[in-house]
Undergrad: 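Here's a structure for you.
The basis for the numbers below is simple: all heavy atoms, side chains too, and nothing from hydrogens, waters or symmetry mates. Here is how names work: the chains are called A, B, and so on, in the same order as the sequence lines, proteins then strands, and each is numbered from 1. Only a predicted model underlies this, so the values are computations on that prediction, with no experimental measurement involved.
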2 protein chains.
Amino acid sequence: MLVDEVGLSSDSRERVLNAAEELFVKRGYEAVIIKDIAKAAGIHHASLYHHVPGGKPSLYVEVMTRHLQRYQAGMHAAIQQPQENLESQLQSVGAWVIAHTPVNVIRLHNSDLTAIKAEAADIISNLAFEATLFPIVTVLEAAQQRGEIQHESLGYMAGSLFASLEAIHAIPDQYLDLSRQSIANQIIEVFIRGLKA
Amino acid sequence: MLVDEVGLSSDSRERVLNAAEELFVKRGYEAVIIKDIAKAAGIHHASLYHHVPGGKPSLYVEVMTRHLQRYQAGMHAAIQQPQENLESQLQSVGAWVIAHTPVNVIRLHNSDLTAIKAEAADIISNLAFEATLFPIVTVLEAAQQRGEIQHESLGYMAGSLFASLEAIHAIPDQYLDLSRQSIANQIIEVFIRGLKA
DNA sequence: GTCTATATAAAGATAGAC
DNA sequence: GTCTATCTTTATATAGAC
């Protein structure tokens, strides 16, 4: 397969990265141990260091960078679809957000990023902004230019909406009497039109 | 002081609990180590076990229970103030939320509570609901009965608002050109009236 | 590339002097 | 109640056989 010559990774390295991504994103840096990742990837934890010589910190940085870049690409695609009005664009954003494990930026800043080197933390922090808030702000500003909405602080409003959508993940299944997508759509509707009768 | 006879705690025990509360709430269970708590309380980490024989898990449960009970009491007081309309009631809620470290229920369920015994986790999980969503649902239902608002799924909307308000904590100081309370008030306004021009 | 065995380091916890 | 010293457990990481 000449993987080295074309710069591709081996199969198990990919499994390690996927397992690490899922666990780190879900539980955060400290709550994940190397053995869990290796087990999920189907190898012995000692073998993991063959694929990721830098160990846990470097694995975290690689995997979170990749995760946020993909997240950003997905958000971009969601808002790029040829939809005319704000509501349908935000519904696409909602679909993307509920289809993925929450980014949880509060945890990211309060614990995860304090455990790694400052430069890496800065990069991930900026990526998180680019992947989450920035696309939503773009959509809101365009809608404002079309005269669909009117607000002075669209950045804060974008953050508010994103936080609401991510929180849908926290609803336990037993309390769900609508699909998560329907809940997202209701949140978006209230965001645009308000709760007022 | 006869502290034993009246069931009161010693001074340093209280310092330990306060330090533990602040750290656990901010960083989560795994990211906090016993030495950090002891250091913040001004004692050697070995001395901590004198005050909390159950060690880290039991300390976490005690401190989170206390935290959420107080949080609930504060939310209750906020909504009980003699304010007639929904907006001013929610502004009091917003003031309480931004004055306290986020409860972060997503992290609570995805990592913190998986590290402790299931029964304790259930109790904390229920307390978190009572302390955060329940008071907001109560306020929204009352407003609906007065005819101020109209929505089918007030529970989900309460969750949405609470998540938005907690997320205000995640805004770095350098990006703040309004006070957090002002941002909370704007979020509440949009929640009630919408972004629409 | 993967394992077994082992080393190192960090965290939780206990014993016992003061 | 608090400390020093020590023990145990757990997690990260390395060495070297296969």
Side-chain angles (χ1 to χ4, degrees), chain A residues 1-21 23-24 26-64 111-112 114-117 120, chain B residues 1-24 26-64 111-117 120:
Chain A
M1 237 316 214
L2 304 176
V3 289
D4 285 344
E5 294 184 27
V6 287
L8 289 179
S9 306
S10 78
D11 213 55
S12 5
R13 178 172 153 86
E14 200 51 40
R15 284 207 311 279
V16 167
L17 295 183
N18 289 337
E21 178 175 347
L23 290 168
F24 279 137
K26 178 161 189 187
R27 300 192 204 149
Y29 185 79
E30 302 284 1
V32 174
I33 66 178
I34 289 293
K35 275 190 177 175
D36 291 339
I37 297 172
K39 191 175 183 183
I43 59 172
H44 194 269
H45 71 274
S47 311
L48 185 145
Y49 291 89
H50 171 79
H51 302 290
V52 190
K56 189 179 178 182
S58 131
L59 178 56
Y60 178 81
V61 171
E62 173 170 3
V63 125
M64 288 303 292
S111 34
D112 295 354
T114 64
I116 62 173
K117 282 208 292 269
Chain B
M1 235 320 209
L2 304 175
V3 290
D4 284 344
E5 294 185 29
V6 287
L8 288 178
S9 307
S10 78
D11 212 55
S12 9
R13 178 173 154 85
E14 200 52 41
R15 284 207 311 280
V16 167
L17 295 182
N18 289 337
E21 179 175 347
E22 184 177 337
L23 290 168
F24 279 137
K26 177 162 191 187
R27 300 191 203 150
Y29 184 79
E30 302 285 1
V32 173
I33 66 178
I34 290 292
K35 275 191 178 175
D36 290 340
I37 297 171
K39 192 176 182 182
I43 59 172
H44 194 271
H45 71 274
S47 311
L48 184 146
Y49 291 89
H50 171 79
H51 303 291
V52 190
K56 191 179 177 182
S58 129
L59 178 56
Y60 177 81
V61 171
E62 173 169 4
V63 126
M64 288 304 291
S111 35
D112 296 355
L113 295 187
T114 65
I116 62 173
K117 283 207 291 265

Undergrad: When you check the phosphate oxygens OP1 and OP2 of C:dT14, does a side-chain N or O of B:His50 lie under 4.0 Å from one of them?
TA: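 For B:His50, the contact criterion (side-chain N or O under 4.0 Å from OP1 or OP2 of C:dT14) is not met.
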Undergrad: With respect to the phosphate group of D:dT12, does any side-chain polar atom (N or O) of A:His45 fall under 4.0 Å of OP1 or OP2?
TA: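 A:His45 to D:dT12 OP1/OP2: no side-chain N or O under 4.0 Å.
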Undergrad: Picking from C:dA5, D:dC3, D:dT12, which would you name as closest to the side chain of B:Ala46?
TA: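 Of the candidates, D:dC3 comes closest.
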Undergrad: To the nearest angstrom, how far is A:Arg13 atom CZ from C:dT2 atom P?
TA: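 So the two atoms are 12 Å apart, to the nearest Å.
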Undergrad: From the options B:Val52, B:Leu48, B:Val63, select the one residue that forms a side chain to side chain contact (heavy atoms under 4.5 Å, CB included) with B:Ile37.
TA: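 Checked B:Val52, B:Leu48, B:Val63 against B:Ile37; only one passes side chain to side chain contact (heavy atoms under 4.5 Å, CB included): B:Leu48.
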Undergrad: Is there side-chain contact between B:His51 and B:Ser12, with heavy atoms separated by less than 4.5 Å?
TA: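 Result yes, sub-4.5 Å side-chain heavy-atom pair found.
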Undergrad: Going by side chain to side chain contact (heavy atoms under 4.5 Å, CB included), A:Tyr29 matches just one of A:Asp112, A:Thr114, A:Leu23. Which one?
TA: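 That would be A:Asp112; it is the only one of A:Asp112, A:Thr114, A:Leu23 passing the side chain to side chain contact (heavy atoms under 4.5 Å, CB included) with A:Tyr29.
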Undergrad: Given atom NZ of A:Lys35 and atom C1' of C:dT4, what is their separation to the nearest angstrom?
TA: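 Taking atom C1' of C:dT4 as the reference, NZ of A:Lys35 is at 13 Å.
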Undergrad: Would you mind telling me which of D:dT2, D:dT4, D:dA15 lies closest to the side-chain atoms of B:His51?
TA: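 Nucleotide nearest to B:His51's side chain: D:dT2.
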Undergrad: Could you tell me whether the phosphate oxygens of D:dG1, OP1 or OP2, come under 4.0 Å of any side-chain nitrogen or oxygen in B:Ser12?
TA: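 So the side chain of B:Ser12 is outside the cut-off, no N or O lying under 4.0 Å from OP1 or OP2 of D:dG1.
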Undergrad: For B:Glu22, does the CD atom sit with more than 12 other heavy atoms under 6.0 Å from it, leaving out its own atoms?
TA: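 Open: at most 12 neighbouring heavy atoms sit under 6.0 Å from CD of B:Glu22.
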Undergrad: Atom CG of A:Leu48 and atom C1' of D:dA13: how far apart are they, to the nearest Å?
TA: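 The distance from CG of A:Leu48 to C1' of D:dA13 comes to 11 Å, rounded to the nearest Å.
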Undergrad: Between P on D:dA11 and CD1 on A:Ile37, what's the gap in Å once rounded to a whole number?
TA: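 So the two atoms are 12 Å apart, to the nearest Å.
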Undergrad: Rounded to the nearest 0.5 Å, how far apart are OH of B:Tyr60 and CG of B:Leu113?
TA: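 One gets 5.0 Å once the value is rounded to the nearest 0.5 Å.
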Undergrad: Just how far, in rounded Å, is P of C:dT14 from NZ of B:Lys56?
TA: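 From B:Lys56 NZ to C:dT14 P: 15 Å.
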Undergrad: Using only side-chain N and O atoms of A:Tyr49, determine if any of them is under 4.0 Å from OP1 or OP2 of D:dT14.
TA: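 For A:Tyr49, the contact criterion (side-chain N or O under 4.0 Å from OP1 or OP2 of D:dT14) is not met.
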Undergrad: Between atom CG in B:Asp11 and atom C1' in D:dT2, what is the gap in whole Å?
TA: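 Taking CG of B:Asp11 and C1' of D:dT2, I get 14 Å after rounding.
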Undergrad: Measure the distance from NE2 on A:His44 to P on D:dA17 and round it to the nearest whole Å.
TA: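 For the pair A:His44 NE2 and D:dA17 P, the rounded distance is 17 Å.
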Undergrad: Could you tell me how far apart B:Ile116 (CD1) and C:dG12 (C1') are, to the nearest whole angstrom?
TA: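 About 17 Å, once rounded to whole Å.
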